[in-house]
*Asks:* 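Below you will find the structure I want to go over with you.
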Amino acid sequence: QVQFVESGGGLVQPGGSLRLSCAASGSIFSIYAMGWYRQAPGKQRELVALITRGGNTNYADSVKGRFNISRDNAKKLVYLQMNSLKPEDTAVYYCNRGGSSLASWGQGTQVTVSS
């Protein structure tokens, strides 16, 4: 059964950077689009970045130009490089397949942007 383990979160000052990692197990991985999602306290979970099996990427308007998603199919890893972080980026970040193929959610990794 597919499992996702997110890591790399932490406390960072506004304008700083973090690199999140997601390790997948129990699935083929390479055939699926993969996304990073986030959920702030009291808010709905939202998709912030998506990468297709062919490497095409899409980003939410709020993170365009600041975040970059990438994947390593051989290692079954997906990354999210986050730059120029803002307080409104504070959330728990999750990885999963694209919306049409969502699997179970992992525990996520907390990102807190605060001075």
Side-chain angles (χ1 to χ4, degrees):
Q1 188 170 356
V2 64
Q3 291 182 317
F4 301 110
V5 179
E6 300 92 346
S7 62
L11 175 64
V12 64
Q13 294 184 336
S17 297
L18 285 172
R19 190 191 192 205
L20 307 184
S21 297
C22 170
S25 64
S27 70
I28 301 298
F29 182 77
S30 63
I31 68 174
Y32 300 105
M34 291 293 300
W36 281 96
Y37 304 76
R38 69 186 181 188
Q39 187 169 24
K43 305 295 184 181
Q44 296 285 336
R45 199 192 322 261
E46 63 174 340
L47 177 68
V48 298
L50 184 75
I51 183 167
T52 70
R53 59 188 295 179
N56 295 318
T57 59
N58 290 284
Y59 300 92
D61 288 342
S62 59
V63 307
K64 282 182 179 177
R66 301 189 297 118
F67 290 12
N68 181 258
I69 186 171
S70 60
R71 67 192 296 166
D72 184 333
N73 288 338
K75 297 181 178 179
K76 300 173 69 172
L77 294 172
V78 59
Y79 305 100
L80 185 68
Q81 178 67 47
M82 306 185 295
N83 302 313
S84 302
L85 284 162
K86 304 174 180 179
E88 51 262 46
D89 295 319
T90 296
V92 178
Y93 284 72
Y94 304 86
C95 65
N96 210 318
R97 298 170 180 168
S100 64
S101 303
L102 282 173
S104 59
W105 297 96
Q107 292 186 333
T109 185
Q110 175 72 50
V111 172
T112 302
V113 184
S114 179
S115 59

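When a residue number appears, it is its place in the shown sequence, counting from 1. Side chains included, hydrogens not; waters and symmetry mates left out as well; all remaining heavy atoms used.
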*Asks:* List the atom of Val63, the atom of Val48, and the distance in Å for their closest heavy-atom pair.
*Replies:* CG2-O, 3.4 Å

*Asks:* One thing to verify: whether Asp61 and Lys64 come together as a salt bridge, which I'm taking to mean a side-chain N less than 4.0 angstrom from a carboxylate O.
*Replies:*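 Yes, Lys64 and Asp61 are salt-bridged.
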
*Asks:* Please answer whether the main-chain N or O of Gly98 pairs with a side-chain N or O of Ser101 as donor and acceptor at a distance below 3.5 Å.
*Replies:* no

*Asks:* Report the residues that fulfil side-chain hydrogen bond (donor to acceptor under 3.5 Å, both in side chains) with Arg45, sequence neighbours left out, ordered by chain and then residue number.
*Replies:*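 side-chain hydrogen bond (donor to acceptor under 3.5 Å, both in side chains) list for Arg45, sorted by chain: empty.
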
*Asks:* Do other residues, nucleotides or ligands put more than 12 heavy atoms under 6.0 Å from the CD atom of Gln3?
*Replies:* no

*Asks:* Would you confirm whether Arg38, through its side chain, and Thr90, through its main-chain N or O, come within 3.5 Å as a donor-acceptor pair?
*Replies:* no

*Asks:* Looking at every non-hydrogen atom in both residues, tell me the closest pair between Val78 and Ile51 and how far apart they are.
*Replies:*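 Heavy atoms only, the tightest pair is CG2-CG2, 4.4 Å.
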
*Asks:* Would you say the side-chain atoms of Gln110 pair up with the backbone N or O of Gly9, donor to acceptor, closer than 3.5 Å?
*Replies:*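 Checking the backbone N and O of Gly9 against the side chain of Gln110, no donor-acceptor pair under 3.5 Å is found.
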
*Asks:* Using the test side-chain hydrogen bond (donor to acceptor under 3.5 Å, both in side chains), find all partners of Arg97 that sit at least two apart in sequence or belong to another chain.
*Replies:*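 Partners of Arg97 by the side-chain hydrogen bond (donor to acceptor under 3.5 Å, both in side chains) criterion come out as none, since no residue qualifies.
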
*Asks:* Could you tell me which non-hydrogen atom of Ala40 sits nearest to which non-hydrogen atom of Ala91, and how far apart they are?
*Replies:* N-CB, 3.8 Å

*Asks:* Under the side-chain hydrogen bond (donor to acceptor under 3.5 Å, both in side chains) test, which residues partner Gln39, sequence neighbours left out?
*Replies:* none

*Asks:* Checking side-chain contact (heavy atoms from CB on, under 4.5 Å) against Leu47, which of Tyr59, Tyr37, Tyr94 comes through?
*Replies:*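 In the set Tyr59, Tyr37, Tyr94, the residue that makes a side-chain contact (heavy atoms from CB on, under 4.5 Å) with Leu47 is Tyr37.
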
*Asks:* Say whether, by atom type as modelled, one donor and one acceptor occur between the side chain of Tyr79 and the main chain of Asn68 under 3.5 angstrom.
*Replies:* no

*Asks:* Any non-hydrogen side-chain atom of Met82 less than 4.5 Å from a side-chain atom of Asp89?
*Replies:* no

*Asks:* Take a 6.0 Å sphere around CD of Gln13 and say whether it holds more than 12 heavy atoms from other residues, nucleotides or ligands.
*Replies:* no

*Asks:* So if you build clusters from Ile, Leu, Val, Met, Phe, Trp, Tyr with side-chain heavy-atom gaps below 4.5 Å, do Val2 and Met34 land together?
*Replies:* yes

*Asks:* Side-chain contact, heavy-atom cut-off 4.5 Å: Cys22 with Tyr93?
*Replies:* no

*Asks:* Taking the side chain from Asn83 and the backbone from Ser17, do they hold a donor-acceptor pair closer than 3.5 Å?
*Replies:* no

*Asks:* For residues Ala103 and Phe4, report the shortest heavy-atom separation together with the two atoms involved.
*Replies:* CB-CE1, 3.9 Å

*Asks:* Any idea which heavy atoms bring Arg66 and Ser84 closest together, and the distance?
*Replies:*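 Scanning both residues, the minimum pair turns out to be NH1-O, 3.0 Å.
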
*Asks:* Hey, mind stepping through Leu102 and Tyr32 against side chain to side chain contact (heavy atoms under 4.5 Å, CB included) and telling me if it holds?
*Replies:* CA-CA 10 Å; Leu102 282 173; Tyr32 300 105; over 6 Å; no

*Asks:* CZ/Arg71 to SG/Cys95 distance, rounded to the nearest 0.5 angstrom?
*Replies:* 11.0 Å

*Asks:* Can you measure from CH2 (Trp36) to CG (Leu50) and round to the nearest 0.5 angstrom?
*Replies:* 13.0 Å

*Asks:* Starting from Leu18, can I reach Val92 by hopping between I/L/V/M/F/W/Y residues whose side chains sit under 4.5 Å apart?
*Replies:* no

*Asks:* Look up atom CD in Gln81 and atom CD1 in Ile69, then write down how far apart they are to the nearest 0.5 Å.
*Replies:* 12.5 Å

*Asks:* Tell me whether Ile28 at atom CD1 has more than 12 heavy atoms from other residues, nucleotides or ligands lying less than 6.0 Å away.
*Replies:*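 For Ile28, atom CD1 is not crowded (no more than 12 foreign heavy atoms under 6.0 Å).
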
*Asks:* If every non-hydrogen atom of Asn73 is compared with every non-hydrogen atom of Phe29, which pair is closest and at what distance?
*Replies:* OD1-CE2, 3.3 Å

